[in-house]
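Have a look at the structure below, then the notes.
Values in this document were obtained by computation on a predicted structure and should not be read as measured data. Reminder, nothing fancy here: chain letters follow the sequence lines and each chain counts from 1.
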Amino acid sequence: MRLSRFFMPTIKENPSEAQIVSHRLMLRAGMIRQSSAGIYSWLPLGFRVLQKIEQIVRQEQDAIGAQEMLMPTIQPADLWRQSERYDAYGPEMLRITDRHDRDMLYGPTNEEQITEIFADAAKSYRDLPRMLYHIQWKFRDEVRPRFGVMRGREFLMKDAYSFDLDFDAARRSYNKQFVAYLKTFARLGLTAIPMKADSGPIGGDMSHEFVILAETGESEVACHRDLIAADWGNADINTEGDLQPFIDSFTDKYAATDDKRDPEAEKALGDDLVVARGIEVGHIFYFGTKYSKAFKAVVAGPDGSDVTAEMGSYGIGVSRLVGGIIEASHDDAGIIWPEAVAPFKVGLINLKTGDDACDKACEDIYRQLQDAGIEVLLDDRDARAGAKFADMDLIGLPWQVVIGPKAVAAGVVELKNRARGERQEISADAAMALLTA
RNA sequence: CGGGGCGUGGCGCAGUCUGGUAGCGCACCUCGUUUGGGACGAGGGGGUCGGAGGUUCGAAUCCUCUCGCCCCGACCA
């Protein structure tokens, strides 16, 4: 992509409405624009990141056998009356009426919808287990949206739902999601700590929040020091095997969100206790038959008797993660993207657009990188060097290749690593080798 | 929902107390000089001050109502 043609409206000054760093940087980097409180448009740069994250989430869901589908954003109120959540959910649910005066709503989540679909189709224990998910926009009419995409009213969420024959099977599904979450967040470059959590309005008795630590986190959390240093999700695990011992190795250690903290346990930890601010990026629940009962998700068991499906639901705030990653990875100059979610891998800066030698050197490398399948953003604008450096640092691409008259004369390019700040002058071929490794 | 703050060219702000017909920086356009960390000079375009009503000879400024946005707290992917 050529920056001269890319729609990436960067802003030099901090917009006054943005108070936290991720919100500021997303606005300044031209990733998002606000439409109204808690509702955002995703501009090309931001949308690329959103899609990268979505794809990683998708791959890890697929890897544990969850199947992707897509449910609507607008749901009929009757569906929610059946689970008795229509009134219970309160003003956070956006209620609307269609032209025939039917009560509808913009879905804040999809337990009802999926359970109805599943109940209608599943007849036998042979139809279990099943795990289904979709990645869809949700709307929760938060009293107080804030922090940019971190607490929007409209947000993109991956929500998965499991259906099992009995508690043990449901536990296995829960555990698979647990591991998938560890892997997902590890791939995103995050240390997400599973913490015992309240099950909230969804109900149930087995629940973990996945929390990343950041100064601007919304609530205070506490955990054992070892959990922060743990090597998440990189373990080679067979998700078809017994995951319990692996999961216990995490959950044995103290980790609790705000409302689950235990002063005595914390005292016992002594120096191993870490208290920090946290951002919730995922939440998994087991909730038994709460919905399967309401929607009669009942199958014939092996002995012919009726069995009500055991369910769980598993959410990841995909759009929130964009902000969360920035909170966890930035410096004074701007964003520092982990390579896995960077909108482009390489930012190629032509320091002197219009200079034949510089133009040619840039075009060569640009072509080579593209041929190698590497996403590259070429700054071919007719702007001053300082502006180009500043913009490139701001948008935080992992690698910068800088080409100016001096480098061209010397037959080298300057390669800069955004995260470490290291620069090296090497041949174009050597740079290519490094970037394509 | 309780408490607080703010709406003035694209962005950041001053002007509001003490009414007199809108200003600064950045950005943008043109020309020239520049060109490795957000250049300099000259010229230029763009706002009737969130909206409605009122007071007044006269309202960004005073009064009433209203809409929106942000922050703190209580609640949540």
Side-chain angles (χ1 to χ4, degrees), chain A residues 9-20 23-24 27-28 30 33-39 53 57 89-93 107-110 135-160 181 192 197-202 207-212 218-219 257-259 279-285 313-324 333-334 349-355 358 379 381-394 400 402-410 413-414 416 421 423 425:
Chain A
T10 56
I11 299 169
K12 211 162 146 183
E13 290 172 274
N14 282 326
S16 62
E17 79 269 17
Q19 297 300 315
I20 69 163
H23 190 195
R24 280 207 286 259
L27 287 168
R28 289 191 47 207
R33 284 295 181 262
Q34 185 171 64
S35 167
S36 59
I39 302 179
I53 295 173
V57 170
Y89 216 93
E92 261 194 26
M93 184 152 72
T109 176
N110 288 69
I135 300 173
Q136 176 65 294
W137 292 91
K138 306 289 188 290
F139 194 93
R140 294 185 190 173
D141 200 356
E142 298 276 347
V143 217
R144 192 186 154 208
R146 61 189 126 161
F147 304 149
V149 299
M150 302 260 284
R151 175 170 297 291
R153 292 192 292 172
E154 187 182 59
F155 58 97
L156 187 62
M157 175 163 132
K158 183 283 298 180
D159 41 326
Y181 274 42
D198 259 349
S199 39
I202 290 181
S207 164
H208 283 91
E209 272 184 28
F210 288 74
V211 175
I212 58 176
E218 292 194 70
S219 62
T257 56
D258 223 3
D259 44 359
I279 300 166
E280 179 186 359
V281 289
H283 201 159
I284 58 178
F285 303 89
S313 80
Y314 315 90
I316 289 181
V318 176
S319 49
R320 169 180 286 184
L321 274 167
V322 180
I349 298 179
N350 184 345
L351 281 184
K352 197 166 184 179
T353 301
D355 176 271
C358 285
D379 192 344
R381 294 173 303 175
D382 182 20
R384 301 180 65 79
K388 295 187 178 190
F389 286 132
D391 270 346
M392 204 54 91
D393 285 346
L394 173 64
Q400 296 175 14
V402 182
I403 293 182
K406 290 178 201 163
V408 168
V413 302
E414 184 177 317
K416 176 180 162 185
R423 300 152 190 263
E425 296 201 342

> Touch check for A390(A), heavy atoms < 4.0 angstrom, all strands: base, sugar-phosphate only, or nothing?
Replying inline: base

> K12(A) side chain: which of A27(B), C70(B), G37(B) is closest?
Replying inline: A27(B)

> To the side chain of E17(A), which of C26(B), C75(B), C69(B) is closest?
Replying inline: C69(B)

> Using a cut-off of 4.0 Å on non-hydrogen atoms, how would the nucleic acid contact of D159(A) be classed: base, sugar-phosphate, or nothing?
Replying inline: nothing

> So which nucleotide from A77(B), G37(B), C72(B) ends up closest to the side chain of R144(A)?
Replying inline: C72(B)

> For the side chain of E13(A) and the base of G25(B), is some donor closer than 3.5 Å to an acceptor across the two?
Replying inline: yes

>> Heavy atoms only, 4.0 Å cut-off, all strands: where does R33(A) land among base, sugar-phosphate and nothing?
In response: nothing

> Side chain of D393(A), base of G37(B): donor and acceptor closer than 3.5 Å?
Replying inline: yes

> Within less than 4.0 Å of OP1 or OP2 of C13(B), is there a side-chain N or O belonging to S16(A)?
Replying inline: yes

>> If I pick the P atom on A74(B) and the same atom on A59(B), what distance separates them, to the nearest angstrom?
In response: 46 Å

>> Let's see if you can work this out: which of G38(B), C71(B), A74(B) has an atom nearest to the side-chain heavy atoms of R28(A)?
In response: G38(B)

> When all nucleic acid strands are considered with a 4.0 Å heavy-atom cut-off, which category describes G152(A): base, sugar-phosphate, or nothing?
Replying inline: base

>> Side-chain N or O of Q34(A) versus OP1/OP2 of C70(B): is the shortest distance under 4.0 Å?
In response: yes

> What nucleic acid atoms does L351(A) come within less than 4.0 Å of, heavy atoms only: base, sugar-phosphate, or nothing?
Replying inline: base

> With respect to the side chain of P15(A), which nucleotide from C70(B), G38(B), G12(B) is positioned closest?
Replying inline: G12(B)

> Looking across every strand, which nucleic acid part, if any, lies under 4.0 Å from V281(A) by heavy atom: base, sugar-phosphate, or nothing?
Replying inline: sugar-phosphate

>> I want to check one thing: is the phosphate of A39(B), taken as OP1 and OP2, less than 4.0 Å away from some side-chain N or O of R384(A)?
In response: yes

> R320(A) has a side chain; which of C26(B), A74(B), A77(B) sits nearest to it?
Replying inline: A77(B)

>> Using a heavy-atom cut-off of 4.0 Å across all strands, would you classify A387(A) as base, sugar-phosphate, or nothing?
In response: base

>> Students often get this wrong, so: under 4.0 angstrom with heavy atoms, is A407(A) touching a base, only sugar-phosphate, or nothing?
In response: base

>> The side chain of S36(A) is closest to which nucleotide in this list: C71(B), G36(B), C69(B)?
In response: C69(B)

> Between F155(A) and A77(B), do the rings stack, that is, sit under 5.5 Å apart with planes less than 30° off each other?
Replying inline: yes

>> Of the listed nucleotides (A39(B), C71(B), A77(B)), which one gets closest to any side-chain atom of F147(A)?
In response: C71(B)

> Checking side-chain contact (heavy atoms from CB on, under 4.5 Å) for the pair T353(A)/K388(A): CA distance, chi angles, key distance, verdict?
Replying inline: CA-CA 11 Å; T353(A) 301; K388(A) 295 187 178 190; 3.0 Å; yes

> So what's U33(B) paired with, Watson-Crick or G-U wobble, going by both distances under 3.5 Å?
Replying inline: A39(B)

>> Evaluate E425(A) against V413(A) for side-chain contact (heavy atoms from CB on, under 4.5 Å), listing each step before the verdict.
In response: CA-CA 6 Å; E425(A) 296 201 342; V413(A) 302; over 6 Å; no

